[in-house]
Amino acid sequence: MDIDSIVKEIGRELDNKKATDILIYKIGDKASFADYMIIATAGSSRQLNALEETIKELCFRWQLEAKNIETGTSQIWTLMDYGDFLVNIFTEEGRERYALHKLWSDCVQIEF
């Protein structure tokens, strides 16, 4: 499976698991650290953890290993670094606070 298909499948799975405001940006032209950025919102810290586990399971099936996964102690944001793509899952509070989607809004948005 190619990287474009992988990030679209992650977007669909996040949607199936009731994440909201899911965005996928192609950031490779503006960033050297990844080609894609996935941003999603969870309704609670509990859902955030469940979404994180879902992504881990998907990537495990595709034999993709995370370079790094960081969840802050405040449980409002999880960053999952898979090299070619990053997955950012926020609670509503975290999404408002960090407004990461505004930082990348000038990049091409990928439909899934």
Side-chain angles (χ1 to χ4, degrees):
M1 185 179 280
D2 68 335
I3 191 67
D4 192 54
S5 298
I6 287 171
V7 297
K8 289 177 181 179
E9 183 60 29
I10 289 171
R12 286 188 287 271
E13 191 60 27
L14 288 168
D15 186 51
N16 288 341
K17 298 291 183 179
K18 307 299 184 212
T20 59
D21 300 321
I22 304 162
L23 299 171
I24 303 173
Y25 292 114
K26 186 172 176 103
I27 64 168
D29 292 340
K30 298 189 183 230
S32 62
F33 52 86
D35 292 326
Y36 294 91
M37 173 84 62
I38 302 167
I39 303 171
T41 303
S44 66
S45 59
R46 188 174 192 174
Q47 185 187 22
L48 185 147
N49 293 331
L51 293 171
E52 178 183 331
E53 288 304 314
T54 296
I55 301 308
K56 285 180 187 176
E57 289 172 15
L58 276 176
C59 290
F60 178 78
R61 274 191 257 149
W62 296 321
Q63 298 178 341
L64 298 174
E65 191 171 327
K67 291 183 173 194
N68 192 26
I69 296 177
E70 292 187 32
T71 302
T73 56
S74 62
Q75 290 288 310
I76 62 171
W77 181 14
T78 292
L79 168 62
M80 306 172 80
D81 181 354
Y82 282 92
D84 292 329
F85 62 94
L86 303 171
V87 180
N88 293 274
I89 306 170
F90 294 95
T91 60
E92 292 176 16
E93 175 190 349
R95 182 110 177 214
E96 287 177 28
R97 180 184 298 174
Y98 294 106
L100 193 60
H101 57 284
K102 292 180 182 178
L103 189 64
W104 301 103
S105 63
D106 60 339
C107 294
V108 174
Q109 190 171 336
I110 305 298
E111 297 297 321
F112 60 94

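Using a 4.5 Å heavy-atom threshold, the side chains of Met37 and Leu103 count as separate. Within the 4.5 Å cutoff, no side-chain heavy atoms of Arg97 are placed close to those of Trp77. You'll find the side chain of Ile10 stays beyond 4.5 Å of the side chain of Phe112, heavy atoms only. Ile24 places none of its side-chain heavy atoms less than 4.5 Å from the side chain of Phe85. The closest side-chain heavy-atom distance from Ile38 to Leu14 is below 4.5 Å. Contact of the Ile6 side chain with the Leu64 side chain is registered, since non-hydrogen atoms from C-beta on lie closer than 4.5 Å.
A distance of 12.0 Å separates CD1 of Ile76 from CD of Glu92, quoted to the nearest 0.5 Å. A distance of 6.5 Å separates CG of Leu48 from OG1 of Thr71, quoted to the nearest 0.5 Å. A distance of 11.0 Å separates CD of Glu65 from CD of Gln63, quoted to the nearest 0.5 Å. Distance CD/Gln75 to CZ/Arg46: 12.5 Å, rounded to 0.5 Å. For the atom pair CH2 (Trp62) and CD (Glu57), the distance works out to 11.5 Å, reported to the nearest 0.5 Å. Note: Phe60 CZ to Ile55 CD1 = 15.5 Å, rounded to the nearest 0.5 Å.
Nearest heavy-atom pair across Leu86 and Ala34 is CG-CB, 4.0 Å. Residues Ile22 and Gly11 come closest through the heavy atom pair CD1-O, 3.8 Å. Of all the heavy atoms in Lys26 and Cys107, the pair that sits closest is O-CB, 3.4 Å. What you find for Ala42 and Ile89 is that their closest heavy atoms are CB-CG2, 4.2 Å. The minimum heavy-atom distance linking Tyr36 with Ile27 is given by the pair N-CG1, 3.9 Å.
Transitive grouping of hydrophobic side chains (ILVMFWY, heavy atoms separated by less than 4.5 Å) brings Met80 and Leu58 into a common cluster. Both Val7 and Val87 are members of a single hydrophobic cluster when ILVMFWY side chains are connected at heavy-atom separations under 4.5 Å. At a threshold of 4.5 Å between side-chain heavy atoms, the hydrophobic network of Ile, Leu, Val, Met, Phe, Trp and Tyr places Leu51 and Leu79 in two separate groups.
Here the options are Asp21, Thr20, Asn88, Thr41, the test is side chain to side chain donor-acceptor pair (under 3.5 Å), and the partner is Arg95; only Thr41 passes.
A salt bridge links Lys56 with Glu53: at least one charged nitrogen is closer than 4.0 Å to a carboxylate oxygen.
At distances below 3.5 Å, not a single donor-acceptor pair connects side-chain atoms of Glu9 with backbone N or O atoms of Met1.
Ring planes of Trp104 and Phe33: perpendicular class, angle over 60° (limits at 30 and 60°).
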